[in-house]
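Have a look at the structure below, then the notes.
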Amino acid sequence: MAVTPPKGTHDIIAAEALAYDYIESVCQHVASNYGFDPIRTPIFESTDLFSRGVGESSDIVNKEMYTFLDKGQRSISLRPENTAGVARSVISNKLYATADLPLKFSYNGPMFRYERPQLGRFRQFHQFGVENIGASTIYDDLETIMLAYNTLQLLGFKNLVLKINSLGDQITRNNYKSALKTFFGEKIDSMCSDCHTRYKTNPLRILDCKVPMDQELVKFAPSINQYLSENSKDEFEFIKNELNEFKIPYIVDEKLVRGLDYYSGIIFEFHYITSDGKDYGAIGGGGHYDRLVNQLGGPALEGVGFAFGIERLYSILRDENLLQEELIDNSCDAYIMTFGKKPREAGFELANRLRMFDFRVKINFEDKPFKSLFKIAERTKSKYALIIGDNELEQGFITVKDLTTKEQVEIGVEEIVDFLEGRIVR
Ligand code: AMP
């Protein structure tokens with residue numbers, strides 16, 4: 001039996017799991033300030049949701065999906081991302097007809113991509129993201145970028161790089177795709193086999209190729225900005241001006257296309273290099289999409305959204321010492337130490353009572369020398385040791401030891417809650 005986790009997956013344990021909870025709760029908190037309600041969609045969906053939504057020409061659908069036939073011979077895929085799932089849910093539940101537009105949702109959970117595992121890249125990873133469906137103005141795009149930026153600020157990210165670009169409207173992209181076909185026409189034979197396919201299905205994807213030789217060629221490819229329609233240009237200018245206005249630094253990356261086919265208009269990505277030079281890849285990204293909902297069989301609603309990679313946010317915050325101890329505190333308020341049957345019964349009752357008062361309490365159920373119990377209390381970062389032996393039981397008090405100052409006092413059983421209330425900051 002394999003006792004290692006499947007390749008590309010990882011266990012997230014104790015303090016690390018608390019850090020994930022903390023990061024997700026900050027994301028959720030900021031998103032709710034921006035009017036986003038949580039949504040939970042299935043972890044698996046019908047495969048064609050992703051082929052129609054995310055796009056046949058994207059690597060994610062083409063090469064990276066976990067797809068299988070269920071017992072009813074339906075083709076099912078583990079979700080590689082959540083935008084298609086949210087759009088599907090809006091359609092399935094006819095939310096566009098029953099709730100006010102735009103529909104604003106935030107989500108949080110595991111995603112699955114069969115990628116080559118490397119620094120910051122997993123096969124099961126977690127995303128927090130938002131979708132604004134029915135987003136009909138450029139303010140929706142601006143708001144989404146600002147939401148992502150403000151979340152990262154609140155989490156403590158200092159040297160962020162925000163990359164933006166515009167993929168323009170349909171006319172822009174068609175003209176640009178023709179220009180790329182012309183540019184890569186005579187070079188395509190020397191490029192990788194994936195680029196051959198991309199050349200035929202969606203030449204925009206060539207710009208995303210990770211093969212170093214191909215990347216060299218991409219540097220000289222025309223940029224989309226020359227092909228932007230007047231309206232797309234105006235929108236792009238608006239975004240840049242507003243970001244300047246709000247003092248949000250950015251760089252325009254004319255080769256940014258992002259890996260999913262549904263994007264149009266403004267797209268963006270956040271990057272961060274740690275102080276010791278580690279690059280975990282983009283920490284989040286997103287953009288505008290104009291046809292996704294319609295392509296999936298819903299009304300012609302546009303949308304905008306983004307997703308953060310929680311593994312990457314966590315790794316950077318950890319490396320940069322930005323996770324404050326108290327925010328991921330898994331310490332214990334009181335460690336109850338008992339010896340013998342009767343003291344154990346009293347200790348069990350006390351643990352129960354203290355937990356009702358919202359204290360974090362641990363207790364030993366097996367007899368062990370007090371010396372080793374103190375060691376455990378130290379390892380579990382307990383603040384107080386509450387000792388109950390035969391003597392304490394007989395006389396109705398508890399020996400309380402402050403494990404920081406090492407001071408020891410005797411407190412009556414009835415006074416213990418007040419005693420701890422006055423000393424433990426929560
Ligand atoms: P995407 O859905 O491709 O736009 O990705 C959004 C964010 O999810 C990225 O910026 C990463 O932070 C994160 N992400 C994407 N793929 C992975 C992966 N394989 N492992 C860890 N994080 C990922």
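The structure displayed is predicted, hence computed values, not measured ones. Start at 1 and go down the list; that is how both ligands and their atoms are numbered.
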Candidate list Y272, F308, Y149, F270, test ring-ring contact (aromatic ring centres under 6.0 Å, His included), partner F157, passing option:
Y272

Any N or O of G309 that comes nearer than 3.5 Å to an N or O of ligand 1?
yes

If you measure from the Lys or Arg side-chain nitrogens to the Asp or Glu carboxylate oxygens, is any gap between D319 and K278 under 4.0 Å?
yes

E311 versus ligand 1: do any nitrogen or oxygen atoms come within less than 3.5 Å of each other?
no

Output yes when R198 and D59 qualify as a salt bridge under the 4.0 Å nitrogen-oxygen rule, no when they do not.
yes

Euclidean distance, I310 CD1 relative to M111 CE, rounded to 0.5 Å
9.5 Å

For ligand 1, which part of Q127 has a heavy atom less than 4.0 Å away: the side chain, the backbone, both, or neither?
side chain

With a cut-off of 6.0 Å (strictly less than), are more than 12 heavy atoms of other residues, nucleotides or ligands near CZ of F348?
no

State the atoms of ligand 1, each with its element, that fall below the 4.0 Å cut-off from a heavy-atom position in G120.
20 (N), 21 (C), 22 (N)

I'd like to check whether R258 has a polar contact with ligand 1, where a contact means an N/O of the residue lying under 3.5 Å from an N/O of the ligand.
yes

Has ligand 1 got any nitrogen or oxygen that is less than 3.5 angstrom from a nitrogen or oxygen of F308?
no

Is the NZ or CZ atom of K375 both under 6.0 Å from the centre of the six-membered ring of F370 and within 45° of that ring's axis?
no

Determine the sole option in R74, R88, R79, R52 for which the salt bridge (charged side-chain N to carboxylate O under 4.0 Å, His left out) test with E45 is passed.
R88

For ligand 1, which atoms, with element, lie under 4.0 Å from some heavy atom of A307?
6 (C), 7 (C)

Lys/Arg-Asp/Glu bridge criterion (N-O < 4.0 Å) met for K219, E216
yes

With only distance considered, is I283 within less than 3.5 Å of ligand 1 through an N or O on each side?
yes

Within the 4.0 Å heavy-atom shell around F122, which atoms of ligand 1 are there?
18 (C), 19 (N), 20 (N), 21 (C)

Distance filter under 4.0 Å to A282 heavy atoms, resulting ligand 1 atoms
9 (C), 10 (O), 11 (C), 12 (O)

Verify the ring-centre separation between Y199 and F184: is it less than 6.0 angstrom?
no

Measure the distance from atom 19 (N) of ligand 1 to every protein heavy atom, then report the residue, atom name and distance (to 0.1 Å) of the closest one.
E115 OE2, 2.6 Å

Atom 14 (N) of ligand 1: closest protein heavy atom, distance to 0.1 Å, is F125 CE1, 3.6 Å

Taking both backbone and side-chain atoms of R113, is any N or O found less than 3.5 Å from an N or O belonging to ligand 1?
yes

